[in-house]
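Both ligands and their constituent atoms are indexed starting at 1 by order of listing.
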Amino acid sequence: MPKNNSLILPGQTIGIIGGGQLGRMMAIAARYMGYSIVVLDPTCNCPVSQVADKQISAAYDDRHAIKELTDMSDVVTYEFENVDVTAATYIEKKRKLPQGTYPLEITQNREKEKQLMRDLELPIPDFSIVTNGREAAEALKTFSFPAVIKTCSGGYDGKGQMKLHSKADIQQAVDFAEKHTHCIIEEWVSFDTEISVIFTRDQSGGITFFPIAENDHKDHILYQTQVPARISEEAGNKAYKAAEKLAEKMDVVGTFAIEMFVQGEVIFLNEMAPRPHNSGHYTIEACNVSQFTQHIRAICGLPLTPIKLLAPAAMINILGEDQGGVLKALPQVQDGFVHLYGKTEAKSKRKMGHTTFIAETQEEIQRKICRFEEAKR
Ligand code: AMP
């Protein structure tokens, strides 16, 4: 059964579930093209509502609100993976959810995600699923350290996980598993580089890849993305092939991201996101088409644009604690494309925006970043 009604053209309406920054950048891309936007989010004046035609302020699983969103929209998309599956199924049955429900079911659950990767014989860290403390203690008998225990659902930006440095941490892992019940224990990969493979797939199975991004995290939150990633061609090809296999298996439509670890020529798949990704924001200025525009094209049934990297780039997130400095720097520096997401409260560690730098070389980019950082102080 086709997952979508038909071609959706500018002038028609795109519904977005979730009012955060990813939805906002999707909405901005769509509005450039001339689409109307309606957003479902419980928080009034959310980042998407500031650039949308209409907001439905209700819970994501509110059946009336989901019906209203579906009725008002010619096509619906989501900006985060924890969409209520019953709601998604309703919209899919109305043939207005080209991304489908299946990628949500997989990416909402680390067990299903890793099991699918294992079934496809893709390289992943060794793992064990545990449902209580006793099972965690048993599983850790066969793991070497370091290892990591993560909740199977609901974790993000390092929340819901704990690194296990040595056998001395077993009791903490047992307590963690007892508290969170459904958990995954993984072997710790001593990677050289963390990367993300971001691609967009259309409704006939055509796929376009963005250049692989190299990611640095601070306190488990993405700090900087650099493109091109400093990995070998062989590792890059393995990463693209693995992503293609998963995309076909899940029949992905839209922009999708897979995070991986690279150790020399070897890759390990970590986790997936069925939506545009923080590490793909650089595409707005550094590529001929952004991850957001390409996503809108895919869900609206338009042909995908062949992707070109226009210049090397680096993207740095602006967290709550950085926002004041960025506003201070802005009148003093020429470089850096600043994006603020319109969030009212600048809480510590909250993603408030990002800045992208482009130049001929990474060395020049790093010099621009230094000048920007100095102006922030
Ligand atoms: P995740 O929520 O799975 O993306 O994990 C957050 C971050 O923790 C990753 O971006 C890695 O930096 C680190 N991490 C998670 N799992 C592993 C692992 N098995 N080996 C090494 N680092 C990991």
Q. Would D219 and K349 pass as an ion pair if we require N to O under 4.0 Å?
A. yes
Q: Could you label the plane-to-plane angle of the F357 and F372 rings as parallel, tilted or perpendicular, counting under 30° as parallel and over 60° as perpendicular?
A: perpendicular
Q: Each residue besides L222 in its hydrophobic cluster should be listed here, by chain and number; the cluster joins Ile, Leu, Val, Met, Phe, Trp and Tyr at side-chain heavy-atom distances under 4.5 Å.
A: I198, F210, V227, Y282, V289, I307, L309, M315
Q | F268/F191 aromatic ring centres below 6.0 Å | A | no
Q: Output the set of protein residues with a heavy-atom contact under 4.0 Å to ligand 1, ordered first by chain identifier and then by residue number.
A: R110, V148, K150, Q161, E186, E187, W188, V189, F191, E194, H217, H220, F261, N270, E271
(Q) Can you confirm if the NZ or CZ of R118 lies within 45° of the ring axis of F127 and under 6.0 Å from the centre of its six-membered ring? (A) yes
(Q) I'd like to know if R350 and E345 make a salt bridge, using a cut-off of under 4.0 Å between side-chain N and carboxylate O. (A) no
